[in-house]
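Structure first, then comments.
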Amino acid sequence: VNADFWLPNAIRINLAKCLTETQQYAEAESILLVSHERLGRALGIRSDQVRRARDGLVALYEAWGRAARAAAYRSNDDDGS
């Protein structure tokens, strides 16, 4: 997969992290979920870019007070991906 595909998604992940920091949780969630799904499909769940999206989702849900959702994404990383 070339940079024309993963680079825009990487930029979206960075945007979502900024949105999380400014408590714009719903918008950050939407961006991160789409990027996580697209990158996972294209690069595989073990890719660094998918891990960045997953880490962003964990941080988002922790900041948003949604511990169960954060735990679900955190547990997806327990397999060493």
_Pairs involving residues 27-36, ordered by first then second residue, that meet salt bridge (Lys or Arg N to Asp or Glu O under 4.0 Å) (sequence neighbours left out)_ = none
Could you grab the distance from atom [atom1] of [X] to atom [atom2] of [Y], nearest 0.5 Å is fine?
X	Y	atom1	atom2	result
Asn9	Arg52	CG	CZ	10.5 Å
Ile13	Leu32	CD1	CG	7.0 Å
Ser35	Ile11	OG	CD1	10.5 Å
Leu33	Arg38	CG	CZ	11.5 Å
Leu39	Arg54	CG	CZ	11.0 Å

*Any side-chain heavy-atom pair of Leu19 and Leu60 under 4.5 Å*: no
*Tell me, do Val50 and Ser47 make a side-chain contact under 4.5 Å, heavy atoms counted?*
yes
*Minimum heavy-atom distance between Ala16 and Ile31, given as atom pair plus value*: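 Taking Ala16 first and Ile31 second, the nearest heavy atoms are CB-CG2, 3.9 Å.
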*asked:* Go through it in stages, so that I can follow the logic: the residues are Tyr61 and Arg66, the test is side chain to side chain donor-acceptor pair (under 3.5 Å), and I'd like the CA-CA distance, side-chain angles, deciding distance and then a yes or no.
replied: CA-CA 5 Å; Tyr61 290 130; Arg66 296 184 173 184; 5.9 Å; no
_Short N-O contact, Glu21 and Lys17, less than 4.0 angstrom_ =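 No, no charged N to carboxylate O under 4.0 Å.
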*ring pair (Phe, Tyr, Trp, His ring centres under 6.0 Å): which pairs involve residues 11-43, sequence neighbours left out?*
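For residues 11-43: Tyr25-Trp64, His36-Tyr73.
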*asked:* Determine whether Asp48 and Leu43 satisfy the following criterion, side chain to side chain contact (heavy atoms under 4.5 Å, CB included), listing intermediate values before the conclusion.
replied: CA-CA 9 Å; Asp48 288 339; Leu43 303 175; over 6 Å; no
_I'd like to know whether Gln24 forms a side chain to side chain donor-acceptor pair (under 3.5 Å) with Thr22, so could you lay out the CA-CA distance, the side-chain angles of the two residues, the decisive distance to 0.1 Å, and finally the verdict._
CA-CA 6 Å; Gln24 297 176 64; Thr22 59; 2.8 Å; yes
